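Given the structure is predicted, the values throughout are model-derived calculations rather than measurements.
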Amino acid sequence: MNIPYQFMGKRLLSVSLVASVLLAAVLTGCEQNGNNTVPPAESQASARPESSANYYNDPGTFPIVKEKITLRVGVPTVPVIKDYKTNEVTRFLEKKTNIELVFEEYPLDEYVTKVDLMGAAGGADLPDILMLGGPAGNFSSTAVSNWGQAGMIVPLNKYFDKLAYHLRSAYEEARYMDYSTMLTLSASTDGNIYAVPSYGEEVGNQVGGGRMLIYKEWLDKLNMKKPTTLEGMRAYLEAVRDNDMNGNGNSKDEIPLTGFIGQLYQIKGAFLTPFLGSNGTDPWINREGKIEFTYNKEEYRQGIRYIKGLVDDKLLDPSFFTQDQAQMTAMITSSPHLVGAYGRSSYSNLPRELWPTYGVYAVALAGPDGKRHQTYWPPTPFPTFLITKNCKYPEAAFLFADYLASSEVSFINRYGFEGQDWRAMDPAKEVNLYNAKDPVMQTVNKWGSLQNTYWGGVGAYTNNASFAERTATMPNDPANADYIINEIVANLVKEAEPLAVRGTTISKLVYNEKENEIMQDIWAPIETYVNESFTRFVMSDMNLDTEWDAYVQTMNSMGLKEVLNAVQSSYDRMFK
């Protein structure tokens, strides 16, 4: 599972998969569409005005260009940015680089369609640069690959080789990715890299799978410690079920564990991972380069049996599999209180004053082998900055992206400027829970609100793990929910991160045309069948004993071996 960029929140919005598929189809069609034929990138290079090697300064030197130039930039309209042109990041970058930015805004939900139409018309109206990122999501890797091979955007390999300066430094500072691996993960199947990627490390989110938020008052009332094993978790849930925890005289209205259908992966992460010893949310396991399928293994059946037992014994609310987020929110905030725990990685369903009430996380529950395995979502680079065939200054555009992705600008792009958006921590009044080298105090939390200080991550960025760890808060007091939750999350990260399942996790695969067809035509229906069968097994609509073999055989007959070969082929091409 690829989890996109996020800081202190849930998942980043992604550009519509359907739109991306349409984009790929349109761009592929451009190669063969009569008057709209687009020549290969190599041919377009000669059609583009030749830029002098002397017009830009050496990489890492400012300004980027000796004489002012203008670049047209296609950007998404997003609710957090008031005006790109007058935005303080824009003014900062223009002054620093000597590049004037002329923005062409496209509505976010129409962005890909807009570019589709320009591509279908031959691409003459494309701006010099196309950017997504942050709250706007990212381009589909498949779409970018097809777009590049259709000649609409230019390959950047030689620029990464000769001009990258800040990118190299940024990835030296990254904790979970190096420059070489980033290039491997960013390359298309033709060997070209068509995008300067964005990359974000937020450790709390990387170990955000399989979390259960426990109602602290009831845990304390039962004089129980935080569960760290499957047995301990079950014991707590049984105690909630069997006692009148809310004291209303009804010992039958307590709900031990609930959630909503959009968070089913939390149940899988919590209760399948201990049996598999690898991510319960992933269909594939990497065994030292050999890719295996997860959901036909006996360990997977054991995990389902555990979850089914929770449902059978009225410990796991069956509505987890059907209700929506609003219904769960009403349940966990009801009066009298009803819920002992719920599956979620954040507190976004609770008003701030109730955050500390669910102040205990259960993570990495030890399974049958006695070991704790934390579900892990590895951070991966994803395409957000493209240079089109129309750009007369591709070197300058790349150098601009290189600086945009620097640690300096990435921090500003996310957090704003010192003195107005954040200030240095006062050690006498504030604390940093991660012992960060350069802690700061967020004075105005503009993230998610309309502002004109920064781009919120639009464009290329490289946010390393230290960014999120640099925040500081006022010391603990009964009214300071921020500190309480920051302390809980910090302790959670310190506990879960060393237990993260890394060696068996596949971070990202890029499929060639044949492999992609297999994944679309064969794997997609198998995946649907797997997910449906999971729920049916748990809810006893399918029998784990008498129907398991038929379940496995059905997947085999649907073409599972061909899918596994495609996954292995992609992995071998990328990493061996």
Side-chain angles (χ1 to χ4, degrees), residues 15 23 48-49 51 55-56 62-65 67-119 123-139 143-144 147-148 152-154 156 159 163 166-167 194-198 382-406 409-410 412-414 451-462:
V15 176
L23 171 62
R48 188 170 54 240
S51 54
Y55 82 96
Y56 58 91
F62 295 102
I64 286 176
V65 291
E67 302 292 336
K68 180 176 289 188
I69 63 171
T70 299
L71 293 176
R72 294 165 55 219
V73 187
V75 293
T77 300
V78 292
V80 299
I81 300 174
K82 184 177 181 181
D83 181 10
Y84 281 100
K85 185 59 184 175
T86 61
N87 191 281
E88 292 188 35
V89 161
T90 304
R91 294 164 59 187
F92 170 82
L93 290 170
E94 288 183 331
K95 182 178 180 180
K96 187 88 171 183
T97 65
N98 209 20
I99 298 173
E100 180 183 4
L101 304 175
V102 176
F103 295 96
E104 298 180 6
E105 289 193 47
Y106 313 138
L108 178 56
D109 58 351
E110 300 175 9
Y111 190 103
V112 172
T113 302
K114 176 73 174 178
V115 176
D116 269 353
L117 294 173
M118 288 189 284
D125 292 331
L126 287 168
D128 300 307
I129 294 167
L130 295 169
M131 293 198 316
L132 285 178
N138 54 275
F139 295 105
V144 169
W147 204 351
M152 303 304 298
I153 55 178
V154 299
L156 307 177
Y159 303 134
L163 299 181
H166 299 285
L167 276 164
Y194 293 105
V196 178
S198 291
F382 44 90
T384 54
F385 189 105
L386 318 177
I387 300 175
T388 78
K389 69 187 185 72
N390 295 332
C391 186
K392 297 180 180 179
Y393 307 103
E395 299 90 352
F398 182 87
L399 288 168
F400 176 81
D402 178 64
Y403 183 49
L404 190 59
S406 67
V409 181
S410 295
I412 294 171
N413 197 353
R414 171 59 181 86
Q451 49 76 41
N452 212 36
T453 304
Y454 48 89
W455 291 356
V458 173
Y461 57 80
T462 312

Rounded to the nearest 0.5 Å, what separates atom [atom1] in [X] from atom [atom2] in [Y]?
X: Ile81; Y: Glu105; atom1: CD1; atom2: CD; value: 8.0 Å
X: Ile412; Y: Thr453; atom1: CD1; atom2: OG1; value: 11.5 Å
X: Tyr194; Y: Ile153; atom1: OH; atom2: CD1; value: 7.5 Å
X: Thr86; Y: Glu88; atom1: OG1; atom2: CD; value: 9.0 Å
X: Leu386; Y: Leu132; atom1: CG; atom2: CG; value: 7.5 Å
X: Leu399; Y: Phe62; atom1: CG; atom2: CZ; value: 9.0 Å

Any side-chain heavy-atom pair of [X] and [Y] under 4.5 Å:
X: Pro394; Y: Tyr159; result: yes
X: Ile64; Y: Ile99; result: yes
X: Leu108; Y: Thr77; result: no
X: Phe398; Y: Leu167; result: yes
X: Tyr106; Y: Pro127; result: yes
X: Leu126; Y: Val115; result: yes

Is the number of heavy atoms from other residues, nucleotides or ligands under 6.0 Å of Lys114 NZ greater than 12?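 No, the 6.0 Å shell around NZ holds no more than 12 heavy atoms from other groups.
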In terms of side-chain geometry, is the basic nitrogen of Glu100 or Lys68 positioned less than 4.0 Å from the acidic oxygen of its partner?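 Judged by the 4.0 Å cut-off on N to carboxylate O distance, Glu100 and Lys68 do not form a salt bridge.
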Whether Lys85 and Glu94 form a salt bridge (side-chain N of Lys/Arg under 4.0 Å from carboxylate O of Asp/Glu) is what I want to check.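 Yes, this pair counts.
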Compare every heavy atom of [Y] with every heavy atom of [X], then report the nearest pair and how far apart it is.
X: Asn98; Y: Glu67; result: ND2-C, 3.5 Å
X: Val89; Y: Asn87; result: N-OD1, 2.9 Å
X: Leu71; Y: Ala397; result: CD1-CA, 4.0 Å
X: Ala460; Y: Ala401; result: CB-O, 4.2 Å
X: Gly123; Y: Asn390; result: O-ND2, 2.8 Å
X: Leu93; Y: Leu404; result: CD1-CD1, 3.8 Å

Using a 3.5 Å distance criterion without hydrogens, assess whether the side chain of [X] forms a donor-acceptor pair with backbone atoms of [Y].
X: Thr388; Y: Met152; value: no
X: Tyr461; Y: Gly456; value: no
X: Asn138; Y: Thr384; value: no
X: Ser410; Y: Thr462; value: yes
X: Asp83; Y: Asn452; value: no
X: Tyr111; Y: Gly74; value: yes
X: Asn413; Y: Gly457; value: yes

Can you label the angle between the [X] ring and the [Y] ring as parallel, tilted or perpendicular, going by 30° and 60°?
X: Phe400; Y: Phe385; value: tilted
X: Tyr393; Y: Tyr55; value: tilted
X: His166; Y: Tyr403; value: tilted
X: Tyr84; Y: Trp455; value: perpendicular

So, applying side-chain contact (heavy atoms from CB on, under 4.5 Å) with Arg72, which one of Asp128, Leu130, Ile129 is it?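 Option passing the side-chain contact (heavy atoms from CB on, under 4.5 Å) with Arg72: Asp128.
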